[in-house]
Amino acid sequence: QVEVEESGGGSVQAGGSLRLSCAASGGTGRTLVMAWFRQAPGTEREYVAGFSRTGGYTYYADSVKGRFTISRDNAKTTSYLQMNSLKPEDTAVYYCAAGTGIITSSLRIAGAYSYWGQGTQVTVSS
């Protein structure tokens, strides 16, 4: 059973930065596809950033492109989301997600991921 745990959320003023971390464990022998989603009150969970199935490519939501950067460690079990130039509209609970065998056309779909962290709150004040 794969377990996913996020850390690094918090409160920051607009223009500030935060770095989120996600550790995945229990997936020995399997290549995990990892991604970040977020959900603000009253909205659906939306894709923020993630990797391709092979890990060779990264993808971003248009709303965060140029401001957020996703990376991972060499073991491919820890993912990071560096968030710069934060805006009040980035306020949400951020979730780390992991899955296996996710095809490219499904990478931005929350339902394609089998494993989720509990979420970490990011609050950006104006």
Side-chain angles (χ1 to χ4, degrees):
Q1 179 68 18
V2 175
E3 295 186 354
V4 177
E5 184 173 6
E6 310 96 339
S7 60
S11 297
V12 66
Q13 289 191 328
S17 299
L18 284 173
R19 189 190 195 210
L20 306 182
S21 299
C22 171
S25 59
T28 304
R30 291 186 286 176
T31 300
L32 294 175
V33 179
M34 299 182 75
W36 289 90
F37 287 76
R38 67 186 181 186
Q39 188 168 20
T43 68
E44 293 187 354
R45 194 167 296 189
E46 66 171 354
Y47 183 87
V48 176
F51 295 94
S52 62
R53 184 171 57 181
T54 62
Y57 296 94
T58 55
Y59 301 96
Y60 296 91
D62 289 342
S63 59
V64 307
K65 202 171 294 183
R67 300 187 297 121
F68 291 12
T69 303
I70 190 171
S71 62
R72 66 198 301 174
D73 66 350
N74 289 335
K76 299 183 179 180
T77 58
T78 301
S79 170
Y80 306 96
L81 186 67
Q82 178 66 43
M83 305 184 294
N84 298 329
S85 302
L86 282 161
K87 304 175 181 180
E89 50 263 44
D90 294 319
T91 296
V93 177
Y94 282 69
Y95 296 91
C96 180
T100 57
I102 303 174
I103 60 176
T104 301
S105 59
S106 297
L107 287 173
R108 298 173 184 261
I109 300 173
Y113 295 81
S114 301
Y115 311 105
W116 291 84
Q118 77 286 354
T120 184
Q121 177 70 45
V122 171
T123 302
V124 184
S125 58
S126 57

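The analysis underlying the following values was restricted to heavy atoms, covering all of them including side chains, and did not include hydrogens, waters or symmetry mates. Fair warning: this is a prediction, and the values are worked out from it, not measured in the lab.
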Those residues that, when tested against [X], pass side chain to side chain contact (heavy atoms under 4.5 Å, CB included) (two or more places apart):
{"X": "Q39", "value": "T43, R45, Y95"}
{"X": "S7", "value": "S21"}
{"X": "S125", "value": "Q13"}

Please report the shortest heavy-atom distance between [X] and [Y], naming the atom on each side.
{"X": "V4", "Y": "A98", "result": "CG2-CB, 4.1 Å"}
{"X": "P88", "Y": "A14", "result": "CD-CB, 4.1 Å"}
{"X": "S17", "Y": "N84", "result": "OG-OD1, 2.9 Å"}

Nearest 0.5 Å, please: how far is [atom2] in [Y] from [atom1] in [X]?
{"X": "L18", "Y": "T120", "atom1": "CG", "atom2": "OG1", "result": "9.0 Å"}
{"X": "E6", "Y": "Q121", "atom1": "CD", "atom2": "CD", "result": "12.0 Å"}
{"X": "T31", "Y": "I102", "atom1": "OG1", "atom2": "CD1", "result": "12.0 Å"}

Pairwise disulfide bond (SG atoms under 2.5 Å apart) hits with a residue in residues 35-66, at least two apart: none

All pairs passing disulfide bond (SG atoms under 2.5 Å apart) where residues 37-105 contributes a residue, at least two apart: C22-C96

Within 6.0 angstrom of Q118 CD, more than 12 heavy atoms from elsewhere: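 Yes, the 6.0 Å shell around CD holds more than 12 heavy atoms from other groups.
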
Pairs flagged by salt bridge (charged side-chain N to carboxylate O under 4.0 Å, His left out) wherever residues 85-99 is involved - sequence neighbours left out: R38-D90, R67-D90

Residue pairs involving residues 51-64 (criterion salt bridge (charged side-chain N to carboxylate O under 4.0 Å, His left out); sequence neighbours excluded):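 Pairs touching residues 51-64 that pass the test: D62-K65.
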
Heavy-atom check, side chain of [X] versus side chain of [Y], under 4.5 Å:
{"X": "V122", "Y": "L20", "value": "yes"}
{"X": "T100", "Y": "L32", "value": "yes"}
{"X": "M34", "Y": "T77", "value": "no"}

Residue pairs, two or more places apart or on separate chains, that pass ring-ring contact (aromatic ring centres under 6.0 Å, His included) and touch residues 97-126: F37-Y113, F37-W116

Inter- and intrachain pairs under ring-ring contact (aromatic ring centres under 6.0 Å, His included), touching residues 51-79, at least two apart: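 Every candidate ring-ring contact (aromatic ring centres under 6.0 Å, His included) pair involving residues 51-79 fails, so no pair, neighbours aside, qualifies.
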
Results of ring-ring contact (aromatic ring centres under 6.0 Å, His included) for Y94 - residues two or more places apart only: none

Check: A23 main-chain N/O paired with T78 side-chain donor or acceptor under 3.5 Å: no

Set of residues satisfying side-chain hydrogen bond (donor to acceptor under 3.5 Å, both in side chains) with respect to S85, sequence neighbours excluded: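 Applying side-chain hydrogen bond (donor to acceptor under 3.5 Å, both in side chains) to S85 gives none.
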
side-chain hydrogen bond (donor to acceptor under 3.5 Å, both in side chains) against S11, all qualifying residues, sequence neighbours excluded: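 None.
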
Given V64, V48, T58, the one that forms side chain to side chain contact (heavy atoms under 4.5 Å, CB included) with I70: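 Exactly one pass, corresponding to T58.
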
In one Ile/Leu/Val/Met/Phe/Trp/Tyr side-chain cluster, 4.5 Å: Y47, V93: yes

